[in-house]
Amino acid sequence: MKIEALLQQLSESDISLAVENDELVILGKKQALAPSLLAELRDTKPALIEFLRSNGPIVSNKPVADSLDSSQLLNLAPEYVDQITATVPGGAANVQDIYPLAPLQEGILFHHLMESEGDAYLLPSLMAFDTRERLDGFLAALQAVIARHDILRTSIAWEGLPEPVQVVWREAKLAIEDVVIDPETGEAAAQLRAHFDPRHYRIDVRQAPLISGFTAYDTREGRWLLLLLTHHLAIDHTTIDILMEEILMHQLGLENQLPAPLPFRNFVAQARLGMKPEEHETFFRKILADVDEPTAPFGLLDVLSDGSRVQEARLAVAADLARRVREQARTLGTSAASLFHLAWAAVLSKTSGRDDVVFGTVLFGRMQGGEGAGRVLGMFINTLPLRVQLAQGSVLEQVREVQVRLADLLRHEHAPLSLAQRCSA
C-alpha cells in the first residue's frame, strides 16, 4: 500500500502518527487497529518514519464530541464521561475534548488543592486604557483569541474521577467583573491589586477559561484599569507572549494572517506517551539513588507555607559582566546557562555547608514538545532536579559536567517531578 493510501486509511480510523526517539508512535483506539492495518504499519515503518521526519506528525483532527471517546490518552468509563460533561454549561454538546494533565500541571493542581487560601500559581497582569472603547476592544480581541485556542477554553476536573483530566469546551465566555473604586481610599491600581491579590484570592479552575478579568474606572487618572488573573495550569510565559501578540493582530485587523492553531493535546500525548516511565526512572535513579537528604540553605526546611512572607530581590546583571559571561562560555565551549547553574550550585554549597547539592531547574518544555510547539499555547515548562558535585574536578571540568547533565536532563524534560523525587534515597 502506498504511503498516501495508508495515511488516508489512518485518518479515516482516527489514528495519529508521530516519531519519538526514532520509533513510530501510534495514537488511536485499539479497536481501530485491525490486524491488516498493523501489518501495513510494520511493513512501511521505515518509510513512514522518513515521511514524518520531513512533514511532521500526522494528527487526527476528528472531534471527540460525537462519542466523547477519550481513549487515545486515557481510558474513561462512560459514567465518568457523563459525570464530566454534566459539569460543563451546555453539557456534552459543549465538550470538544477530554485528556489527562501534563506532568507539571499535575503538580500545580496538587498545590492548588493543598492551599486553603490564595493560589501561588495565579498570575496578575494590570493594564490601563485611556478610553472605555479601547478597553472593550481589547476584551473583544482577547475573547477571539480564547475562541482560537483549546487550552484557553479548558477547565480541570478531578472530583470523583480516577485521575484528574482537562476538559476542552467548545465555547467559553471570559468572565469580566466591574469593580467600583473609592478614590478617597487610595490609588485605584493599588486597590484593585490588593482586592484580587493571589495571596488570598482564588479562581474556580473547574470553569473555563482559566482567566478572570476585573475592570475599574480610575477617576484620579481618568483611565480604565483591567486586571487579568491567569492560571499557570493553562498558561506559561511563552503563552502570555503569544496571547498578547495575537490580541494585537486582532486589533490591527490582521487576524487572517495568524497561523492555524495547534491543540495542546499533542503536547500531552508527546509528554505522556513519548518516553516510557521506566526510562525516566533509570535515568534519575542513576543520578539520585544515593541522595538521602535535601539541599537546605541555612538549614531551612519549612518551605510549605503559603508564600505570604516571601520577599523577592532583583539585581540586573551589568552589561560588562553579561558580556564577559558570554565570552567565557564561548571560550569554554559551553552555554551561559551552564555557568549560571554552576554559580548557583556554589551559592547553595556555601549556604548549606555541603559540596554535593541538588536543586530544581526549569525546563522550557518546548524542545521536544512536537511539531510547532513554539507557537502552541499552554503550560509546557517543567521543573526537574539537577545534581552538582563540587568536590570533583576543576572548575573547568565542573562546568562541562554541568553542561552534560543539563543536556541529559533535556531528554527527560517531560518526566514528572514526583517520579524523579521517588528515585532518590
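No experiment lies behind these values; they were computed from the predicted model shown.
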field: Reported OG-to-CG distance for the pair Ser349 and Asp356, which is rounded to 0.5 angstrom
entry: 9.5 Å
task: Would you mind reporting whether Ile235 and Leu152 have side-chain heavy atoms less than 4.5 Å apart?
output: yes
query: Do Phe214 and Leu226 have side-chain heavy atoms sitting under 4.5 Å apart?
result: no
- request: Take Thr215 and Ile176 through the test side chain to side chain contact (heavy atoms under 4.5 Å, CB included) and record every step on the way to the result.
  value: CA-CA 7 Å; Thr215 63; Ile176 299 295; 3.8 Å; yes
query: When rounded to the nearest 0.5 angstrom, what is the spacing between CZ in Phe359 and CG in Leu384?
result: 12.5 Å
field: Gap separating the CG atom of Leu377 from the NE2 atom of His149, nearest 0.5 angstrom
entry: 4.5 Å
- request: May I ask you to decide if Glu159's main-chain N or O and Gln83's side chain share a donor-acceptor pair within less than 3.5 Å?
  value: yes
field: Side chain Asp292, main chain Ala425, donor-acceptor under 3.5 Å
entry: no
message: Lys286 vs Asp408, test: salt bridge (charged side-chain N to carboxylate O under 4.0 Å, His left out). Steps then yes/no.
response: CA-CA 12 Å; Lys286 181 179 178 181; Asp408 288 343; over 6 Å; no
field: Worked check of salt bridge (charged side-chain N to carboxylate O under 4.0 Å, His left out) between Arg354 and Glu293
entry: CA-CA 11 Å; Arg354 53 194 300 154; Glu293 60 178 301; 3.5 Å; yes
message: For the backbone of Gln96 and the side chain of Arg170, can you confirm whether one donor and one acceptor N or O come within less than 3.5 Å of each other?
response: no
field: Backbone N/O of Glu115 and side chain of Arg202: donor-acceptor pair under 3.5 Å
entry: yes
message: Could you walk me through whether Leu122 and Phe196 satisfy the side chain to side chain contact (heavy atoms under 4.5 Å, CB included) test, starting with their C-alpha distance in whole Å, then the side-chain angles of each, then the deciding distance to 0.1 Å, before giving a yes or no?
response: CA-CA 10 Å; Leu122 201 54; Phe196 300 102; over 6 Å; no
- prompt: Does Asp197 come within less than 4.0 Å of Arg193, counting only side-chain N to carboxylate O?
  reply: no
task: Report yes or no: does Arg223 contribute a side-chain atom to a donor-acceptor pair with the main-chain N or O of Phe129 at less than 3.5 Å?
output: no
query: Is any NZ, NE, NH1 or NH2 atom of the basic residue among Asp204 and Arg206 found under 4.0 Å from an Asp or Glu carboxylate oxygen of the other?
result: yes
Full working for side chain to side chain contact (heavy atoms under 4.5 Å, CB included) between Val168 and Phe264: CA-CA 10 Å; Val168 182; Phe264 184 65; over 6 Å; no
field: Closest non-hydrogen atom pair between Gln143 and Ala172, with its separation
entry: NE2-O, 3.0 Å
field: Intermediate values then yes/no, side chain to side chain contact (heavy atoms under 4.5 Å, CB included), Leu332 and Leu339
entry: CA-CA 10 Å; Leu332 297 175; Leu339 285 175; 4.0 Å; yes
task: Find the distance between CG (Leu210) and CD (Gln166) and round it off to the nearest 0.5 Å.
output: 9.0 Å
message: Do Ile181 and Gln191 make a side-chain contact, defined as non-hydrogen atoms from C-beta onward lying under 4.5 Å apart?
response: yes
field: Crowding at CZ, Arg323 (>12 non-hydrogen neighbours, <6.0 Å)
entry: yes
- request: Measure from the side-chain N and O atoms of Asp218 to the backbone N and O of Ala189, and report whether any donor-acceptor pair falls under 3.5 Å.
  value: no
message: Is it true that, when you exclude Glu171 itself, more than 12 heavy atoms of the residues, nucleotides or ligands shown sit nearer than 6.0 Å to its CD?
response: no
query: Hey, is the main chain of Lys276 close enough, under 3.5 Å, to the side chain of Glu279 for a donor-acceptor pair?
result: yes
message: Would you say the ring centers of His231 and His112 fall short of 6.0 Å from each other?
response: yes
field: Within 6.0 Å of CZ in Phe283, more than 12 heavy atoms from elsewhere
entry: yes
- prompt: Is Asp150 paired with Arg153 through a side-chain N to carboxylate O contact shorter than 4.0 Å?
  reply: no
- line: Rounded to the nearest 0.5 Å, the CG atom of Asn382 sits from the CG atom of Leu410 at a distance of 11.0 Å
- prompt: Do Ile287 and Arg405 come within less than 4.5 Å of each other through their side chains, counting heavy atoms only?
  reply: yes
task: Kindly give the heavy-atom pair with the smallest separation between Pro209 and Ile146, and that separation in Å.
output: CG-CD1, 4.1 Å
query: Just wondering, do Leu113 and Leu109 contact through their side chains at under 4.5 Å, heavy atoms?
result: yes
- prompt: Do the side-chain N and O atoms of Gln403 and Ser335 include a donor-acceptor pair separated by under 3.5 angstrom?
  reply: yes
- prompt: Do you know which two heavy atoms are closest between Leu348 and Pro297, and how far apart they sit?
  reply: CD2-CG, 3.6 Å
field: Side-chain heavy-atom pair Val388, Trp344 within 4.5 angstrom cut-off
entry: no
message: Between Gln392 and Gln398, do the side chains contain a donor N or O and an acceptor N or O under 3.5 Å apart?
response: no
query: Are any side-chain N or O atoms of Ser338 and backbone N or O atoms of Thr334, one a donor and one an acceptor, separated by less than 3.5 Å?
result: no
Closest heavy-atom pair and its distance - Val167, Ala157: CG2-CB, 4.2 Å
- prompt: Is a side-chain N or O of Glu246 found less than 3.5 angstrom from the main chain of Leu258, in a donor-acceptor match?
  reply: no
- prompt: Between Ala296 and Leu301, what is the shortest heavy-atom contact and its length?
  reply: CB-CD2, 3.7 Å
- prompt: Taking side chain as C-beta onward, heavy atoms only, is Leu254 less than 4.5 Å from Gln257?
  reply: yes
field: Short side-chain to backbone donor-acceptor contact, His200 and Ala194, under 3.5 Å
entry: yes
- prompt: When rounded to the nearest 0.5 angstrom, what distance separates CG in Leu101 from CD1 in Ile108?
  reply: 9.5 Å
field: Any side-chain donor near an acceptor of the partner, Trp169 and Ser155, under 3.5 Å
entry: yes
- request: Flag the pair Arg285 and Glu278 as a salt bridge only when some basic side-chain nitrogen lies within less than 4.0 angstrom of an acidic carboxylate oxygen.
  value: no
- request: Apply side chain to side chain donor-acceptor pair (under 3.5 Å) to the pair Thr239 and Asp236, showing each step before the final yes or no.
  value: CA-CA 5 Å; Thr239 295; Asp236 63 9; 2.9 Å; yes
query: Between Ile98 and Ile84, is any pair of side-chain heavy atoms under 4.5 Å apart?
result: yes
- line: Looking only at heavy atoms, the pair that brings Pro103 and Pro416 closest together is CB-CA, 3.8 Å
